[in-house]
Amino acid sequence: MTFDYSRLAATCGVESPENAVTLPPEAYGSDELYTAEVDRVFKRGWIPLCRVEQIPTDGSYYSIDILGTPLVVTRDRKSDIRVLSRNCTHRWMEVCTGAGEANVLQCPYHLWSFGLDGHLAGAPEMKESAGFDRKDYPLKQFRHEVWKGFVMVNLDGQAESLAHQYAALDPIVDAYDLENYRTVEQTDWGVCEWDWKIMVDNFMECYHHMGPHRGSLEDQFPASLSYTGEVGDYFTTMWSGQAPGYPADPPFLAPGAATLSPDQHHKSLIFIGYPLLQIAMGPAYMYWLKTLPLGAGRIELQLDICMSPAALAAPGLEERRSQLIKTICDIHREDLDACTAVQRAVRSGVTGVGRLSHLERPLWEFYRYLGRELGIIGKTADLASTA
Ligand code: FES
Ligand SMILES: [Fe+2]
């Protein structure tokens, strides 16, 4: 069925947050819209792959698939970070999987081997192939940038610099020393049967603390004390304030950097760098969702947990680390139940467009971003004719 862009354009084009509405339900399960999102949102944008500490030494590599494209992030002999295709330039077998350290990435099929910078270092039994020159067969390299410890890729190579897109975020996160937070756990939630936009919708509002998180977060971080912070064309921030009377305790709010203001010790910062960098952080912790779109209504989901330099340096690390991982995973499970239920509703054929609360302003910001990237704001859109 052809996707009706006019309903999506009506949501994305709402000009003030007081009038904000949800996306039309069909936007969470349309193959046609997903194809447009791949071309216009994901390939043109910056996608997070890993943290720099996940490729700690020369020779480190870290494999990840994005939109069906097998990639490997490497640190080569000169310590330069690269983002390479994992497809061998002989007959396309994947040259590696997983993460580790190696002098070369050797394809398991016919044993061509590639340096960590992507050059073809060895290719057995190719002497009789006329004109064959190893220089002509490096692994394909993709454009990347590092922002605050995140290695990010731009698949089409045409995006405006990430440093520029996220520039206004720098002063917000610098006091936390985000760059030096370190990964302490990686969790894998497998294939999840809901749309990437349902994940973002859920991530970017604390309104639902009063629902799924009423037994975990709502007392201390009530929905009503959340508010939208700085916004830009490529990011939206939100703060989740602590209710009065609670101490700034582990595992979220302590120990933290001396550079933080008293106010920052009593709240968490939640932000999205569009389209997919989703971060929740506070003085002691940070976690980020690796939402890997697989198709309309389908993602693969990982959640990586990090601790701040202050939290890593303080006594009792192992106990605080365990407490942090358990607390985040328990809360995350509550979110997954909500996402599952929303996607089930969408699949059941609901048609109504809902209204949004002021606590969901980041969703309005997200839909404005989506509308801009898809090129449908202010138009009765027909992407087929503009593609
Ligand atoms: S496919 Fe890699 S060596 Fe043949
Ligand atoms: Fe949640």
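Just so you know, ligand 1 is whichever comes first in the structure, and atom 1 is the first atom listed for that ligand. Just so you know, these numbers use all the heavy atoms, side chains as well, and skip hydrogens, waters and symmetry mates.
Remark: aromatic rings of Tyr234 and Tyr274 are distant, center separation not under 6.0 Å. Phe235 and Trp147 have their aromatic ring centers separated by at least 6.0 angstrom. Here His332 and Trp189 bring their ring centres to under 6.0 angstrom of each other.
Arg40 places no side-chain N or O within 3.5 Å of a backbone atom of Leu370 that could act as its donor or acceptor partner.
The cationic group of Arg51 lies under 6.0 Å from the six-membered ring centre of Phe150 and within 45° of the ring axis, placing it in a cation-pi geometry.
Listed by chain and number, the protein atoms of type N/O/S under 2.8 Å from the Fe ion (ligand 2) are His208 NE2, His213 NE2, Asp335 OD1, Asp335 OD2; waters are omitted.
For atom 4 (Fe) of ligand 1, the count of nearby protein N, O or S atoms, meaning those under 2.8 Å away, is 2.
In this structure, Val72 is a member of the same hydrophobic cluster as Tyr137, with clusters built from ILVMFWY side-chain heavy atoms closer than 4.5 Å.
In this structure, the side-chain contact (heavy atoms from CB on, under 4.5 Å) partners of Gln141, at least two apart in sequence or on a different chain, are Arg82, Leu84.
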Show which side-chain atoms of residues 62-69 pair as donor or acceptor with protein atoms under 3.5 Å away, not counting sequence neighbours.
| from | atom 1 | to | atom 2 | distance (Å) |
| --- | --- | --- | --- | --- |
| Tyr62 | OH | Lys290 | NZ | 2.5 |
| Ser63 | OG | Gly98 | N | 3.3 |
| Ser63 | OG | Gly98 | O | 2.6 |
| Asp65 | OD1 | Arg86 | NH1 | 3.0 |
| Asp65 | OD1 | Arg86 | NH2 | 2.8 |
| Thr69 | OG1 | Ile66 | O | 3.4 |

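Remark: Glu37 engages Lys197 in a salt bridge, criterion side-chain N to carboxylate O under 4.0 Å.
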